[in-house]
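What follows is a single structure, written as structure tokens, with notes after it.
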Amino acid sequence: MPQIQLLPDYVVNQIAAGEVIERPASAVKELAENSLDAMAAQIKISVKKGGKDLIQISDNGCGIEPEDIEKSVLRHATSKLRDASDLFKLSTNGFRGEALSSIASVSKLVIESGGIRAEFEGGVLKSKEEAALPLGTVITVKDLFFNAPVRAEFLKNDSVENSRILDCIIRLAMANENVRFEYRADNRLLFCAAEGSLQARISDCLGASVARSLKEIEWEESGIRVRGFISAPEDLQAGKRNIPYIYLQKRPIYNALIAKAINQAYAPYGDYSPISVIFLDMPLETFDVNVHPAKREVRFSKDNAVFSAVNHAVHNALQNAISYPSISIANTLREAAPAYIATQLPTLNSQLSTFHPPTQELFPDNRIIPLNASYNSQLSTLNSPQTECLQIGKSFIICEQGQSMLMIDQHRAHKLILYERALQALQNGESLDSQELLFPEIIEIPAVLSPILDEQKNELKKLGFHIEHFGFNTWQVRGIPAHLRISAAGQAIIGFLENAKESRENDMFKKNALCYANSSAIPGGMELSAQDMKAMVSDLLSLQNPYETPKGEAVFMRMPLEDIKRKF
Ligand code: ADP
Ligand code: MG
């Protein structure tokens, strides 16, 4: 008996839905892209319960012809492609004709357009009638995943889904500044951007303060035009990973190669991945968007040329924005160098482009050793009242221990102490100490995170933040964690919200404790009194493992006396 059979259409559509419609945000993305393809000047999006109960998108675009309405929910039914050769000269967001069929197969869908109101359930037409409708199209998606319970179970809570939806909207809005966008979740307006200039749009999407600090990118190379905006190193937090907004012919894409090209241009300035908005334009035949059903990936015919164009574009923008660094390196070398090095400066100068900070190999007899747990028993003597601490460079604490000199990185030490304390408090369900601000501070939170902030207000309270909604995307901070500097409060809150969005519950405590410690620890370059230093050393010694920060950075270095002698 034959075993192979063709799958019925509704099963095929559900399989496709698995790839195209992963969560409410992917449905919103597909529907908003359709509105853009229909040349709408205004797109209104409204959701209920994180998009699980309802997603409604209305636009004032060209609408769907009455006789096309039923066809629009069929798989591979599209008005944007006629034959295979069109695949390589696409100017629309959609082309696969899979979105409406996929959404229809896993929801209850209503299409209102061209004077017709049609209702579908699980992809099957339930009713169709004429109706008096305004210009454009309204698509209503109810009970998403009603017939795919496993998919529904994977969804996060409403505020996280709302924020993901907003993220998709912002990605589209950023490239379409001439279209008005509105997004409401449970009747609350979460995002609104009127048609206007690209600068104004970036400001609506990323926040006015971020937008103000961005540098402009404008570059052309090998037929590839790169435009956009990027943050300068001085406005960034080292180590923080910002995901770039990348567009190819106004289509939001993600491409690891381009992300690498951006980060590489930044490498000389430190470990940054900047806030960046990159618009690429290149001849239609030099890329392929038909790679994945969700259409976020692309293939370039010449990867190297794209890499190099983006890399040069960012490099150039940074050079224009920042005073050339090699001059200042040369000056500091001259100031700091002993006379015999200073006389060699011309040669040093010519080597500066390949200058690397000295590494251990340069000093072969140098035995400065990070401390580890094997040192435990000896370390406790540091706690004795006789121990003297000395600060050098306002950054390191030096003390004598047995036959060694110990050096402690004050920033790392404090970070570790705060981390361990915060972690313990959070795990015990306690709140961190808070300081009330005499003058409340107004901070701006990126639009994508405001749905999360709403929901996380109580969690933030536990972390020591007292915060009230102030106005569109702005919040009033009345209290902050005890050790935090006011200037770092905004970044810290953003860090917590990103944790809430991205992390699984079981590692939230650790991530939050780390975020708190990172933003609150005293920085290098801060003068400490002898008393402060002793207190810090004693706090450090009270920890089970005082040797490494949560990220594995050494807190202590030891230089044995015999090595010091040898140096002389
Ligand atoms: P694709 O966008 O790949 O063509 P979709 O499944 O997203 O496929 O949509 C199918 C078709 O329905 C589109 O090609 C378009 O003709 C029509 N359509 C969908 N949404 C709209 C809209 N908002 N306005 C006008 N036409 C639309
Ligand atoms: Mg589409």
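In this structure, the side chains of F229 and I275 stay at 4.5 Å or more apart for every pair of heavy atoms. Two residues are said to be in side-chain contact when any heavy atoms from C-beta on lie closer than 4.5 Å; L74 and K71 meet this criterion. Contact check for V138 versus L133: no side-chain heavy atoms found under the 4.5 Å cut-off. No side-chain heavy atom of E112 sits under 4.5 Å from any side-chain heavy atom of I116. The shortest distance between side-chain heavy atoms of I45 and E182 does not fall below 4.5 Å. Using a 4.5 Å heavy-atom threshold, the side chains of N263 and P274 count as touching. For the pair V306/M282, a side-chain contact is recorded, criterion being any heavy-atom separation below 4.5 Å from C-beta on. Within the 4.5 Å cutoff, no side-chain heavy atoms of I253 are placed close to those of R296.
Taken from CD1 in I21 to CD1 in I103, the straight-line distance is 4.0 Å, to the nearest 0.5 Å. L198 contributes atom CG, which lies 11.0 Å from atom OG of S203 (distance to the nearest 0.5 angstrom). For the atom pair CZ (F279) and CE (M174), the distance works out to 7.0 Å, reported to the nearest 0.5 Å. From T474, atom OG1 reaches atom CD of E444 across 7.5 Å, with rounding to the nearest 0.5 Å. Note that NE2 of H312 is 11.5 Å distant from CD1 of I224, once rounded to the nearest 0.5 Å. Rounding to the nearest 0.5 Å places CG of L484 at 8.0 Å from OH of Y516.
By the neighbour-count criterion of 12 heavy atoms within 6.0 Å, atom CZ of R227 is densely surrounded, having more than that number from other residues, nucleotides or ligands. More than 12 non-hydrogen atoms from other residues, nucleotides or ligands lie less than 6.0 angstrom from NZ of K215. Heavy-atom neighbours of K250 NZ from other residues, nucleotides or ligands within 6.0 Å: above the threshold of 12. Other residues, nucleotides and ligands contribute over 12 non-hydrogen atoms within 6.0 Å of the CG atom of L257. In N304, the CG atom is not crowded: 12 or fewer heavy atoms of neighbouring residues, nucleotides or ligands sit closer than 6.0 Å. No more than 12 heavy atoms of other residues, nucleotides or ligands shown are found within 6.0 angstrom of NE2 on H315. More than 12 heavy atoms of other shown residues, nucleotides or ligands fall within 6.0 angstrom of atom CZ in F146. In K52, the NZ atom is crowded: over 12 heavy atoms of neighbouring residues, nucleotides or ligands sit closer than 6.0 Å.
Judged by distance alone, the side chain of S213 and the main-chain N or O of V210 form a donor-acceptor pair under 3.5 Å. No side-chain donor-acceptor contact under 3.5 Å links N176 to the backbone of V179. Under the 3.5 Å distance criterion, the side-chain polar atoms of S26 are matched with a main-chain donor or acceptor of E22. With hydrogens and angles ignored, the 3.5 Å screen pairs no side-chain donor or acceptor of N93 with any backbone N or O of D37. Of the possible polar contacts, none joining the Y183 side chain to the V47 backbone as a donor-acceptor pair under 3.5 Å is found. With S163 contributing its side chain and L449 its backbone, the two residues share no donor-acceptor pair below 3.5 Å. Distance alone, capped at 3.5 Å, places no donor-acceptor pair between the Y254 side chain and the A259 backbone. Judged by distance alone, the side chain of N518 and the main-chain N or O of K415 form no donor-acceptor pair under 3.5 Å. Judged by distance alone, with hydrogens and angles left aside, the side-chain atoms of N60 form a donor-acceptor pair with the main-chain N or O of Q42 at under 3.5 Å.
Taking all atoms of both residues into account, the shortest heavy-atom contact from R485 to A521 is NH2-O, 3.7 Å. Taking every heavy atom of both residues into account, A309 and E221 meet most closely at N-OE2, 3.6 Å. Residue I69 comes nearest to S113 through the heavy atom pair CD1-O, 3.4 Å, listed as atom of the first residue, atom of the second, then distance. Of all non-hydrogen atoms in A489 and I480, the two that sit nearest each other are CB-CG2, 4.0 Å. Between S276 and I262 the shortest heavy-atom distance is OG-CD1, 3.8 Å. Scanning both residues, A500 and I452, for their nearest heavy atoms gives CB-CG2, 3.9 Å.
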Audit row: M508, N499, side-chain contact (heavy atoms from CB on, under 4.5 Å) steps and yes/no: CA-CA 7 Å; M508 273 287 281; N499 288 345; 4.2 Å; yes

Yes or no on side-chain contact (heavy atoms from CB on, under 4.5 Å) for Y245 and L206, after CA distance, side-chain angles and deciding distance? CA-CA 11 Å; Y245 293 92; L206 298 181; 3.6 Å; yes

Report the C-alpha distance between V73 and I111 in whole Å, list the side-chain angles of each, state the deciding distance to 0.1 Å, and finish with yes or no for side-chain contact (heavy atoms from CB on, under 4.5 Å). CA-CA 10 Å; V73 301; I111 302 181; 3.8 Å; yes

As a quick check of understanding, evaluate side-chain contact (heavy atoms from CB on, under 4.5 Å) for F300 and L248, giving each step before the final call. CA-CA 11 Å; F300 299 108; L248 174 58; 3.9 Å; yes

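Note on R201 versus E195: no salt bridge recorded, every NZ/NE/NH1/NH2 to OD/OE distance being 4.0 Å or above.
Under the rule for a side-chain contact (heavy atoms from CB on, under 4.5 Å), the partners of E459 that lie at least two apart in sequence or sit in another chain are Q456, K462. Among residues two or more places apart in sequence or in another chain, the salt bridge (charged side-chain N to carboxylate O under 4.0 Å, His left out) test is passed with R251 by none. Residues passing the side-chain contact (heavy atoms from CB on, under 4.5 Å) test with A25, sequence neighbours excluded: R23, R164, I165, C168.
By the 30° and 60° cut-offs, the orientation of the rings of W475 relative to H469 is tilted.
Partner of K108 under the side-chain contact (heavy atoms from CB on, under 4.5 Å) criterion, out of L54, L144, T140, D143: D143 alone.
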